[in-house]
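These notes concern the structure reproduced below.
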2 protein chains.
Amino acid sequence: MHDERLVTRVAYQYYIQNLTQSQIAKNLNIGRSTISRLLTQARQQHIVSININTADAGLLELEAQLKAQYHLRNVDLIDSTHSDLDLALAKEAAQYLKQIIKPNNLVGLSWGASLALMVGQLDHPKAANATFVPLVGGPSAANAKYHVNTIVYDLAKKFMGNSVFINATAVQESRYLRDGIMNAKYFQELARDWAHLDIALVGIGGPLNHKTTSRWRDLLTPEDQAMLKEQRAIGDCCCTFYDANGKLLAPDLQKRTIAISLDTLKRTPIRIAVARSKEKVPAIKALLKMGVVNTLITDNETANQLLH
Amino acid sequence: MHDERLVTRVAYQYYIQNLTQSQIAKNLNIGRSTISRLLTQARQQHIVSININTADAGLLELEAQLKAQYHLRNVDLIDSTHSDLDLALAKEAAQYLKQIIKPNNLVGLSWGASLALMVGQLDHPKAANATFVPLVGGPSAANAKYHVNTIVYDLAKKFMGNSVFINATAVQESRYLRDGIMNAKYFQELARDWAHLDIALVGIGGPLNHKTTSRWRDLLTPEDQAMLKEQRAIGDCCCTFYDANGKLLAPDLQKRTIAISLDTLKRTPIRIAVARSKEKVPAIKALLKMGVVNTLITDNETANQLLH
DNA sequence: ATCACACTTGCACAAATGTTCAACGAAATT
DNA sequence: AATTTCGTTGAACATTTGTGCAAGTGTGAT
């Protein structure tokens with residue numbers, strides 16, 4: 001342990017005057033290695049303190065905590081005080097995707113309002129020559145604007161890449177119909193893609209009774225809905241429902257669903273969820289615990305609630 | 001110029017989470033060079049601030065200012081709140097000397113209370129095998145304790161080195177006497193040493209009328225004193241008097257003085273002055289402006305007054 | 001005094017960081 | 001539209017920093 005006076009002196013010359021360690025060593029007639037060690041000591045003993053002075057520095061702290069608590073690869077937060085939160089979130093997701101996408105990547109997408117919004121927010125995308133594939137079947141109505149195919153197609157266009165379409169709704173009337181579709185040669189290719197994704201980008205569905213219940217859920221029969229309610233579903237990801245403990249629900253419904261399975265999804269290296277709101281907190285939390293996604297883009301309010 | 005959001009993010013990972021630049025680059029999918037640049041930007045824009053939390057961090061700031069203002073090689077300050085300031089100063093000077101002295105150095109010393117005190121404060125000196133020489137003649141009375149020779153001898157003993165004595169008082173009765181002495185072969189050797197010093201350690205004398213007028217000044221004749229007063233002497237270094245503008249005074253007295261000349265002194269690479277007190281401020285200031293010394297050891301009160 | 005131990009130092013190497021340069025791409029100008 | 005200009009980027013190189021190791025130094029016990 002060294003003289004505090006000396007430590008301070010060294011820290012001052014290094015951090016305030018920006019001298020190199022060699023210069024300081026010459027000044028003080030001490031070996032350079034010692035300077036290096038004195039500086040580590042200065043940091044350990046908090047003789048020097050380093051602060052970050054920005055409004056959103058707190059966000060980063062939150063990100064780190066969340067990342068640690070759920071063992072995530074990454075967390076990206078936006079400030080909850082934005083006027084249009086959903087828009088801001090979409091923009092952030094767009095930037096994030098742009099940042100991590102690499103040439104020839106295979107990118108899978110589910111859908112939902114967040115993802116649809118995202119596409120529009122993508123500015124100056126780079127030519128990645130990536131391939132974009134849907135992870136779930138389409139919604140009931142042929143509402144082009146929110147159709148998975150539209151999302152995938154627009155995204156591919158912006159990135160100068162290719163896209164693959166999906167020609168079926170997410171939920172079929174019977175498991176036989178569903179199996180039939182999935183056994184088609186074209187679907188087999190899609191399934192193969194699902195197993196080799198580089199990046200997956202998914203939304204998270206909240207509880208069934210929530211007002212803004214998303215468009216596609218009209219595909220569920222009243223029986224499905226009853227069943228899910230009974231089993232305490234708190235949300236879905238890629239049309240797979242689960243409860244607060246991460247238990248997958250409604251196996252019968254599952255078998256009528258055309259979508260990537262959560263297990264397959266888990267094989268993707270980068271699995272990003274984009275979701276926010278108080279209502280979705282339990283759904284997000286369960287999904288994180290299950291390890292289905294390893295990257296989360298949300299706002300700080302949601303993040304705060306996820307910490308407990 | 002980059003996105004502040006990104007800069008903050010990078011700064012956080014680097015300074016708070018202690019990741020390396022390469023790791024951050026991988027996280028954010030950015031080239032490492034860019035991270036380096038972002039960090040410089042973060043510092044420039046004060047997005048990160050680095051503080052030093054020590055009582056005497058302010059001293060260092062003062063030191064830096066003083067150093068800049070007078071173009072000094074180094075400044076070493078002690079805290080003015082010490083109970084015995086002169087003792088503390090002596091101790092600091094001792095440590096400083098110990099720190100910078102190198103094997104076989106040739107070290108010159110003037111005298112004064114500060115330097116005398118210093119010798120006693122030198123603990124655990126290293127064997128430097130240095131040579132110590134007086135820069136000025138002795139005082140009038142044969143007060144062994146404060147004699148230059150004593151200082152030089154004691155110091156040499158502590159450093160396991162050699163010392164050279166001086167066998168004359170600082171001021172002679174006539175220039176002829178003085179010239180005679182200085183022409184002696186032994187003095188010629190001393191003079192040669194003066195021209196090749198590695199380190200010079202000097203005190204600074206304050207104004208004449210000051211109460212604690214130092215011991216040696218009884219060598220001055222009443223005429224000398226009158227002359228100096230008339231020419232507005234504010235202090236001396238190595239028995240050479242000067243005024244506030246750095247003009248050397250009393251050439252007649254000079255010619256009767258046995259001491260290194262300030263010009264010769266200036267040829268020494270490391271020239272340290274040890275002095276403090278309100279009264280000596282003008283003397284110190286003038287000496288610094290003249291460039292006679294390039295290293296100053298004092299207390300922060302004196303330092304503050306020197307800044308204006 | 002001698003030994004043993006803990007602790008510090010400097011050297012040499014490994015890792016991390018800063019910087020130059022050439023190529024690229026976006027805006028602005030013709 | 002073609003061309004110029006400006007600013008950004010990554011790769012390679014130069015510099016700076018961190019660290020394991022062996023040698024040195026002081027301290028305390030025997």
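Note on naming: letters A, B, ... go to the chains in the order of the sequence lines (proteins, then strands), and numbering restarts at 1 for each one.
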Whole-Å distance between [N] [atom2] and [X] [atom1]?
{"X": "B:Leu19", "N": "C:dA15", "atom1": "CG", "atom2": "P", "result": "18 Å"}
{"X": "A:Ile30", "N": "C:dT9", "atom1": "CD1", "atom2": "C1'", "result": "11 Å"}
{"X": "B:Leu38", "N": "D:dG7", "atom1": "CG", "atom2": "P", "result": "17 Å"}
{"X": "B:Arg32", "N": "C:dA16", "atom1": "CZ", "atom2": "C1'", "result": "7 Å"}
{"X": "B:Lys26", "N": "C:dA15", "atom1": "NZ", "atom2": "P", "result": "14 Å"}
{"X": "A:Asn18", "N": "D:dT17", "atom1": "CG", "atom2": "P", "result": "10 Å"}
{"X": "B:Gln41", "N": "D:dT8", "atom1": "CD", "atom2": "P", "result": "9 Å"}
{"X": "B:Leu28", "N": "D:dT9", "atom1": "CG", "atom2": "C1'", "result": "15 Å"}

### Message
I want to verify a distance call: between D:dG10, C:dG10, D:dG18, whose nearest atom is closest to the A:Gln21 side chain?
### Response
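Side chain of A:Gln21 sits closest to D:dG18.
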
### Query
Any idea which of D:dG18, D:dA12, D:dT17 is nearest the A:Ser36 side chain?
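Of D:dG18, D:dA12, D:dT17, D:dG18 is nearest to the side chain of A:Ser36.
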
### Task
Please tell me if the side chains of A:Leu77 and A:Thr298 come closer than 4.5 Å, counting only heavy atoms from C-beta onward.
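The answer is yes, as the side chains (C-beta and beyond) meet within the 4.5 Å cut-off.
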
#### Entry: Residue pair B:Leu28 / B:Leu6, side-chain heavy-atom distance below 4.5 Å
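They are in side-chain contact.
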
### Message
To the closest 0.5 Å, what do you measure between OH (A:Tyr70) and CG (A:Leu306)?
### Response
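Atom-to-atom, A:Tyr70:OH and A:Leu306:CG are 5.0 Å apart.
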
### Task
Please state whether the phosphate of C:dA16, meaning OP1 or OP2, lies under 4.0 angstrom from any side-chain nitrogen or oxygen of B:Tyr14.
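B:Tyr14 to C:dA16 OP1/OP2: no side-chain N or O under 4.0 Å.
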
### Query
Distance check: side-chain N/O of A:Arg43 vs OP1/OP2 of D:dG18, anything under 4.0 Å?
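Checking D:dG18 against A:Arg43, a side-chain N or O does come within under 4.0 Å of OP1 or OP2.
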
### Residue pair B:Val152, B:Val164: steps toward the side-chain contact (heavy atoms from CB on, under 4.5 Å) verdict
CA-CA 7 Å; B:Val152 161; B:Val164 173; 5.8 Å; no

### Task
Check every strand shown and say whether B:Thr34 touches a base, only sugar-phosphate, or nothing at a heavy-atom separation below 4.0 Å.
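B:Thr34: backbone/sugar contact only, no base atoms under 4.0 Å.
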
### Message
Does atom OH (B:Tyr153) have a neighbourhood of more than 12 heavy atoms from anything else shown, all under 6.0 Å?
### Response
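Not more than 12 within 6.0 Å, no.
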
### Task
By nearest nucleotide on DNA chain D, pick out whichever of A:Thr20 and A:Arg37 is the more 5' one.
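The 5'-side residue here is A:Thr20.
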
